[in-house]
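Because the structure is a prediction, the values reported are computed rather than measured. Reminder, nothing fancy here: chain letters follow the sequence lines and each chain counts from 1.
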Amino acid sequence: MLDMKFIRENVELVKKSAVDKHISCDVDRLIEVDQKRRDLQQQLDGFRTQVREDGQRVGLLRNPKSDWYKRAVAEGKSEADIQAEATEVQAELTKIKPKVKQLEDEVGPILEEFEQLMLTIPQPADDGAPVGKDDTENIEVKKVGEIPTFDFEPKDHVQLATDLGILDIERGVKLAGSRNYVLKGLGCLLHQAVLRMSQDMMVQRGFTPMTVPVLVREQVMAGTGYFPAGRDQAYLCERDELSLVGTAEVPLTAYYADEVLRESDLPIKLCAMSTCFRREAGAAGKDTYGLYRIHLFDKVEQVIIAPNDIEQSKKYHDEILQNSEDVLQALGLPYRVVNVCTGDLGMGQAMKYDIETWMPSRESYGETHSASRFYEFQARRLKLRYRDGAKKIHFCHTLNNTVVASPRILIPLLELYQNKDGSVTVPEVLRPYMNGCEWIGPA
RNA sequence: GGAGAGGUGGGUGAGUGGCUGAAACCAACGGUUUGCUAAACCGUCGUGCUGGGUAACCCCGGCACCGGGGGUUCGAAUCCCCCCCUCUCCGCCA
C-alpha cells in the first residue's frame with residue numbers, strides 16, 4: 001500500500017508505474033473517492049463537535065453541582081429557566097441526529113471503496129528495475145558455473161527418478177490430482193537434506209529459524225500483498241476464513257504486524273521451512289511435466305525486516321541474494337541472476353532478482369529463487385512499524401528471498417548429478433544430511 | 001463440545017452514563033544531582049485520519065479509536081444485542 005498523500009501528489013507517476021507493471025487500477029477513481037471521503041469527513045466532524053459541546057452543556061445544566069449550573073443561578077436564572085435551556089439544547093441536538101446518521105451512511109461505503117481501491121495500487125518499481133513487458137525482457141545480471149555437457153544421453157528428472165524408484169508421480173496424481181507427486185526412499189531424504197542444509201546455512205548467518213502457521217487469516221494474506229489480487233492462486237478454507245499460504249514469506253513478514261518495534265531491534269532476520277500451497281490457476285497446460293510446477297512443495301524462506309532506508313534496503317537485498325547464491329554454489333549448480341523487469345514484477349515489489357538454475361531437460365535456466373524488495377509496501381498494509389531514536393514512527397522495509405525450494409531444485413540436482421548408469425551422485429554437502437549416503441542407485 | 005472468567009495506552013491495571021483519550025504504577029525518553037555504577041527528584045510520554053499557520057525537523061485545532069460489528073441516549077470505555085479471541089475447570093482426543 002502507498003501513502004495516500006504520495007498518491008495525491010504523484011498521480012502521473014503512480015499511473016505510469018502501474019502501466020509499466022501491467023497492473024490495472026483506477027487511480028482517477030481513487031483520487032475522486034479520496035476527495036469525497038475528506039469532504040464528508042469534515043462535515044461529519046463539524047456535527048460531531050457540536051454534539052459533543054452542546055451535549056456536555058446539557059449535562060452540566062442538569063447537574064446542580066456543576067459550575068455552569070451555579071453560574072446560571074448566580075446570573076439570576078431560575079431552576080425552571082435552566083431546565084428549559086437544557087431541554088431546548090437537547091431538542092436541537094435531536095434534530096441534528098438524522099443529519100449525522102445520513103452522513104455516516106454516506107461515508108461508510110465511500111470509506112470501504114477507498115480502502116478497496118488502495119489495495120489495488122501497486123508499488124512503483126525502483127529505478128533499478130528495467131522497464132519491460134514480461135519475463136522475456138528480464139535482464140541477465142550474471143552467470144555463475146559451467147553448464148556441463150554429458151558424454152551419454154542424459155535422462156530428464158522424471159525418467160531418472162522414476163527409474164530409481166525415488167519418485168512416483170502416477171500415484172501422487174491418484175491421491176491428489178494433477179501436479180502432485182510422491183517422493184520416496186532416498187528421494188524423500190534428498191528433498192529433506194537440501195532443505196535442512198539450507199536452513200542450517202541461514203541459521204549460521206544469524207537468521208532466526210521459525211516454525212510458522214501455514215493456514216492464515218485473510219488480513220495476513222492481504223497485508224503481505226497476496227490478496228485481493230492473487231486470491232485465485234490460494235487455497236481457501238472458507239468455512240474457517242483461513243487460507244493456505246503459498247510461501248512462508250507471508251507468516252514471517254506478518255509476524256510483527258500491528259506492532260511498533262524499536263529501531264534497535266532492526267534488522268530482524270527470519271527464516272522458515274514450510275510447506276507451500278499453490279493452486280497454479282491460469283497455468284493450465286504450462287509446465288505440466290515433472291516437478292517444475294506443482295501444487296505443493298517445501299521451501300526455506302528468508303525475510304528481513306529493515307529500517308526505512310532505501311540504501312539499507314538495497315544492501316539487504318544484495319545480502320539475501322548472496323545467501324541463496326551460496327546455497328546453489330554449495331550444491332554445485334550453475335545458475336544465473338536476472339533483474340526482473342517491470343512487467344514481471346508483482347504488486348508490491350519495487351525490485352526483484354530471480355535466480356534461475358540450469359535445468360538440462362529444459363535446455364534453459366529455470367526460476368528457482370526470487371529475491372524481492374518492497375520498501376514500505378507490505379509494512380503499510382501490515383501496520384508493521386518501528387520507533388526511531390527521536391520517537392518518531394516509521395514503517396519498516398521488508399525483503400524476502402527463497403533459500404531453497406524443493407522438489408523444484410531436485411530437477412537440476414538430479415539431472416546434473418546423474419551418471420551414465422542411471423545412478424545419481426549425492427553432492428558432498430548433502431551427505432551428512434543423508435546418513436552419509438553418497439550415491440543413489442536403482443532400488 | 002459443556003461451564004465460568006475476562007479482553008482498556010509499550011506493559012501491569014483503575015475506571016458502570018457527562019470536561020475521561022482515559023487514574024496510578026512500571027518501562028522508555030529528556031533534565032537536575034553525581035567520582036563511576038546505582039538511587040532520588042522534576043518533566044515528557046498512544047495511534048490513525050483531517051483542517052490551518054511557518055510548511056525539512058515545528059506549532060495550533062477537529063474527529064475517530066478502550067477486542068470487532070450493530071443498537072439505546074442530547075451524551076457510551078461504561079447500558080443492550082450479535083460475533084471474535086484469551087484464560088480456568090470438565091469432557092474428548094493424542
Side-chain angles (χ1 to χ4, degrees), chain A residues 1-9 30-31 33-72 82-119 213 215-220 222-223 237-242 254-266 268 308-310 376 379-396:
Chain A
M1 190 153 63
L2 305 182
D3 183 358
M4 187 59 219
K5 280 189 206 110
F6 175 86
I7 298 175
R8 282 202 288 265
E9 288 160 15
L30 176 64
I31 296 288
V33 169
D34 174 54
Q35 187 58 50
K36 193 148 193 202
R37 146 193 166 256
R38 287 189 292 158
D39 289 346
L40 288 172
Q41 195 61 53
Q42 250 170 284
Q43 290 180 49
L44 196 51
D45 285 358
F47 279 123
R48 282 178 176 160
T49 308
Q50 190 185 345
V51 167
R52 174 179 60 84
E53 288 176 350
D54 290 352
Q56 273 172 3
R57 220 165 100 211
V58 173
L60 292 167
L61 288 170
R62 293 248 164 91
N63 180 1
K65 285 180 197 157
S66 78
D67 292 344
W68 267 73
Y69 186 93
K70 288 176 188 161
R71 206 180 309 140
I82 295 170
Q83 288 316 312
E85 188 182 342
T87 306
E88 192 186 322
V89 174
Q90 192 174 322
E92 254 170 63
L93 288 173
T94 307
K95 272 186 246 164
I96 290 179
K97 271 182 111 174
K99 288 190 204 164
V100 173
K101 179 86 181 121
Q102 191 200 326
L103 275 173
E104 279 172 348
D105 289 347
E106 215 174 319
V107 97
I110 290 285
L111 230 47
E112 205 169 303
E113 188 180 359
F114 175 73
E115 273 151 29
Q116 284 308 309
L117 284 167
M118 282 296 273
L119 291 180
L215 194 52
V216 302
R217 295 179 194 279
E218 187 88 6
Q219 274 197 330
V220 173
C237 302
E238 279 153 316
R239 184 168 59 175
D240 300 294
E241 294 180 321
L242 295 169
Y255 184 62
Y256 291 106
D258 298 313
E259 297 186 33
V260 179
L261 305 166
R262 283 174 305 197
E263 188 169 28
S264 56
D265 295 331
L266 304 178
I268 292 170
N308 194 309
D309 179 285
I310 289 178
E376 306 176 348
R380 274 187 182 276
R381 291 181 170 223
L382 290 166
K383 295 189 180 61
L384 167 56
R385 297 168 295 174
Y386 70 93
R387 205 182 295 276
D388 69 17
K391 303 184 86 176
K392 220 182 150 188
I393 287 182
H394 307 272
F395 287 103
C396 300

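For Gln50(A), the CD atom sits in a packed shell: over 12 heavy atoms of surrounding residues, nucleotides or ligands are nearer than 6.0 Å.
With RNA chain B read from its 5' end, the first of the two nearest nucleotides for Val58(A) and Gly55(A) is the one closest to Gly55(A). Map Gln90(A) and Asp3(A) each onto its nearest nucleotide of RNA chain B; the residue landing nearer the 5' end is Asp3(A).
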I need a per-nucleotide contact map over nucleotides 50-57 of chain B, read 5' to 3'. Cutoff is protein heavy atoms under 4.0 Å; write B for the base, S for backbone only, - otherwise. SS------
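Applying the side-chain contact (heavy atoms from CB on, under 4.5 Å) criterion to Asn63(A), with sequence neighbours excluded, gives Lys65(A), Ser66(A). For Glu88(A), the side-chain contact (heavy atoms from CB on, under 4.5 Å) test picks out Glu92(A), with sequence neighbours left out. Take Tyr256(A) and apply the side-chain hydrogen bond (donor to acceptor under 3.5 Å, both in side chains) test, not counting sequence neighbours, and it matches no residue. Asp309(A) meets the side-chain contact (heavy atoms from CB on, under 4.5 Å) test with Glu311(A), Gln312(A); sequence neighbours excluded. Asp388(A) is linked by a side-chain hydrogen bond (donor to acceptor under 3.5 Å, both in side chains) to His394(A), counting only residues two or more places apart in sequence or in another chain. For Asp54(A), there are no side-chain hydrogen bond (donor to acceptor under 3.5 Å, both in side chains) partners, not counting sequence neighbours.
Contact annotation for Arg52(A): backbone-only contact, meaning every heavy-atom pair under 4.0 Å involves sugar-phosphate atoms and none involves a base. Across all strands, Leu44(A) comes closer than 4.0 Å to no nucleic acid atom at all (heavy-atom distances). Within 4.0 Å (heavy atoms only), Arg385(A) reaches sugar-phosphate atoms of the nucleic acid but no base atom. Looking at heavy-atom distances under 4.0 Å, Val260(A) makes no contact with the nucleic acid at all.
G21(B) and A76(B) have their P atoms separated by 11 Å, given to the nearest Å. Atom P of G7(B) sits at a distance of 8 Å from the matching atom of G67(B), rounded to the whole Å. Taking atom C1' in both G15(B) and A23(B), one finds a spacing of 8 Å when rounded to whole Å. For the C1' atoms, the distance from U12(B) to G69(B) is 29 Å, rounded to whole Å. Distance noted for atom P between C26(B) and U44(B): 15 Å (whole Å). Look at the P atom in both A38(B) and G43(B): the space between them is 22 Å, to the nearest Å. For the C1' atoms, the distance linking U37(B) with C89(B) amounts to 49 Å, nearest Å. Comparing the same atom, P, in G2(B) and in C92(B) gives a spacing of 15 Å after rounding to whole Å.
Rounded to an integer number of Å, the gap from CZ of Arg62(A) to P of C19(B) is 16 Å. Taking atom NZ of residue Lys95(A) and atom P of nucleotide U73(B), one finds them 18 Å apart after rounding to whole Å. Protein atom CD of Glu92(A) is 14 Å distant from nucleotide atom P of G75(B), rounded to whole Å. Whole-Å rounding puts the Glu115(A) CD to G68(B) P distance at 15 Å. In this entry the distance linking CZ of Phe114(A) with P of G48(B) reads 15 Å, nearest Å. Distance, Gln56(A) CD to U20(B) C1': 10 Å, rounded to whole Å. If you measure from atom OH of Tyr69(A) to atom P of G18(B), you get 19 Å, rounded to the nearest angstrom. Counting to the nearest Å, the P atom of U73(B) and the CD1 atom of Ile96(A) are 16 Å from each other.
Minimum interatomic distance between Leu93(A) and Gly55(A) (heavy atoms only, all atoms of both residues): CD1-N, 3.7 Å.
The partner of A94(B) cannot be assigned: no Watson-Crick or G-U wobble pair with both contacts below 3.5 Å exists in any strand. With a cut-off of 3.5 Å on both pairing distances, U34(B) has no Watson-Crick or G-U wobble partner at all. Nucleotide U88(B): paired with A3(B) (Watson-Crick or G-U wobble, both distances less than 3.5 Å). Nucleotide A55(B) is matched to nothing when pairs are restricted to Watson-Crick or G-U wobble geometry with both distances under 3.5 angstrom. Across all strands shown, C49(B) pairs with G62(B); the Watson-Crick or G-U wobble distances both stay below 3.5 Å. For A77(B), there is no paired nucleotide, since no Watson-Crick or G-U wobble pair has both relevant distances below 3.5 Å. The base-pairing partner of A28(B), taking Watson-Crick or G-U wobble contacts with both distances under 3.5 Å, is U44(B).
An OP1 or OP2 oxygen of G62(B) is reached within less than 4.0 angstrom by no side-chain nitrogen or oxygen of Thr49(A). At the phosphate of G75(B), OP1 or OP2 sits under 4.0 Å from a side-chain N or O atom of Lys97(A). Using a 4.0 Å cut-off, no side-chain N or O of Arg48(A) falls inside it from OP1 or OP2 of G62(B).
Counting only distance, with no hydrogens or angles, the side chain of Arg381(A) and the backbone of Leu119(A) share a donor-acceptor pair below 3.5 Å.
Using a 4.0 Å cutoff on non-hydrogen atoms, the parts of residues 99-106 of chain A near RNA chain B are Lys101(A), ordered by number.
Proximity of Leu60(A) to Tyr69(A): side-chain heavy atoms (C-beta onward) are nowhere separated by under 4.5 Å.
For Arg387(A), whose side chain is taken as the heavy atoms from C-beta onward, the closest listed nucleotide among U47(B), C85(B), C74(B) is U47(B).
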Donor-acceptor list for residues 103-111 of chain A side chains, cut-off 3.5 Å, not counting sequence neighbours:
residue   : atom : partner  : partner atom : Å
Glu104(A) : OE2  : Arg48(A) : NH2          : 2.9

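Note that CD of Gln83(A) and CD of Gln90(A) are 10.0 Å apart. Values are rounded to the nearest 0.5 Å.
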